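Written below as structure tokens is the structure these notes are about.
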Amino acid sequence: MAIPNHLPTTEVVLLEIEILLTVVAIGAWGGFVSYFIRKEKQSEKNAYQCITHCLVQVVISCFTSFLLSAIAIEQGFSFNMVLLAAGLGGVFAAPILKILGERVKKYINDANVR
């Protein structure tokens with residue numbers, strides 16, 4: 001498995017399916033870890049709430065890990081660093097999305113002022 005580096009053209013870089021599945025799996029695992037870390041702080045009464053909250057956390061973590069791995073690939077990082085970014089994106093999904101949201105808001109506000 002190899003991640004293609006930057007191309008001299010503006011064509012879209014296609015990832016191999018194994019890399020994409022690995023990034024999603026690492027993100028899902030990070031979502032499970034994040035759920036179990038935060039589980040003690042939450043008071044869920046039944047199994048349905050537990051499973052629903054866990055699945056929501058996994059989906060959010062997969063999305064965030066995909067975003068971070070895409071940024072890592074764009075920066076030209078190695079495959080190991082892309083996996084590290086995906087794992088961190090999975091575990092720290094909520095803080096990362098807050099930071100990205102604030103930066104996007106700031107960018108939009110700055111663009112409207114000028």
Side-chain angles (χ1 to χ4, degrees):
M1 291 190 293
I3 298 175
N5 288 335
H6 291 42
L7 299 174
T9 64
T10 58
E11 295 177 14
V12 176
V13 176
L14 298 176
L15 291 177
E16 294 177 6
I17 191 70
E18 294 90 5
I19 294 172
L20 182 62
L21 290 177
T22 304
V23 165
V24 170
I26 295 285
W29 185 256
F32 282 120
V33 170
S34 178
Y35 171 75
F36 287 124
I37 288 173
R38 291 178 179 84
K39 184 178 178 186
E40 296 173 356
K41 298 176 185 176
Q42 299 166 352
S43 60
E44 295 163 337
K45 300 194 182 342
N46 58 20
Y48 178 76
Q49 283 182 332
C50 290
I51 292 171
T52 303
H53 189 262
C54 183
L55 290 177
V56 167
Q57 182 65 44
V58 167
V59 168
I60 292 170
S61 294
C62 286
F63 174 72
T64 308
S65 69
F66 181 75
L67 285 178
L68 282 183
S69 63
I71 292 170
I73 290 171
E74 181 63 28
Q75 295 295 322
F77 291 167
S78 69
F79 181 65
N80 291 334
M81 293 302 289
V82 170
L83 290 181
L84 178 68
L88 290 174
V91 174
F92 300 112
I96 290 171
L97 287 177
K98 275 186 182 178
I99 291 169
L100 287 176
E102 290 172 2
R103 286 192 178 201
V104 168
K105 283 181 195 177
K106 183 180 176 188
Y107 178 76
I108 290 173
N109 289 337
D110 290 346
N112 288 338
V113 171
R114 296 178 185 186

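Predicted, not measured: the structure shown is a model, and the values here were computed from it. Residues take their numbers from the sequence shown, with the count starting at 1.
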Ring geometry between Phe32 and Phe36 (parallel below 30°, tilted from 30 to 60°, perpendicular above 60°):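 Judged by the thresholds at 30° and 60°, the geometry between Phe36 and Phe32 is parallel.
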
How close do [X] and [Y] get, heavy atom to heavy atom, and via which atoms?
X: Ile96; Y: Leu88; answer: CD1-O, 3.9 Å
X: Leu20; Y: Phe66; answer: CD1-CE1, 3.5 Å
X: Ala72; Y: Val82; answer: CB-CG2, 4.0 Å

Flag side-chain contact, heavy atom, 4.5 Å: Leu84 against Asn80: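 SC-SC contact between Leu84 and Asn80 ruled out.
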
Path from Phe92 to Ile99 over hydrophobic side-chain contacts below 4.5 Å: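 As far as the 4.5 Å side-chain criterion goes, Ile99 and Phe92 are not connected within one cluster.
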
Nearest 0.5 Å, please: how far is [atom2] in [Y] from [atom1] in [X]?
X: Lys98; Y: Arg103; atom1: NZ; atom2: CZ; result: 15.5 Å
X: Glu102; Y: Lys105; atom1: CD; atom2: NZ; result: 7.0 Å
X: Ile19; Y: Leu83; atom1: CD1; atom2: CG; result: 9.0 Å

Phe77 and Ile73: CA distance, side-chain angles, deciding distance, side-chain contact (heavy atoms from CB on, under 4.5 Å) verdict: CA-CA 6 Å; Phe77 291 167; Ile73 290 171; over 6 Å; no

Validation: residues 54-64 side-chain donor-acceptor distances under 3.5 Å, sequence neighbours left out:
residue: Gln57; atom: NE2; partner: Ser34; partner atom: OG; Å: 3.4
residue: Gln57; atom: NE2; partner: Ser61; partner atom: OG; Å: 3.2
residue: Ser61; atom: OG; partner: Gln57; partner atom: O; Å: 2.9
residue: Ser61; atom: OG; partner: Gly90; partner atom: O; Å: 2.7
residue: Thr64; atom: OG1; partner: Ile60; partner atom: O; Å: 3.0

Side chain to side chain contact (heavy atoms under 4.5 Å, CB included) against Tyr48, all qualifying residues, sequence neighbours excluded: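 Partners of Tyr48 under the side chain to side chain contact (heavy atoms under 4.5 Å, CB included) test: Asn46, Thr52.
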
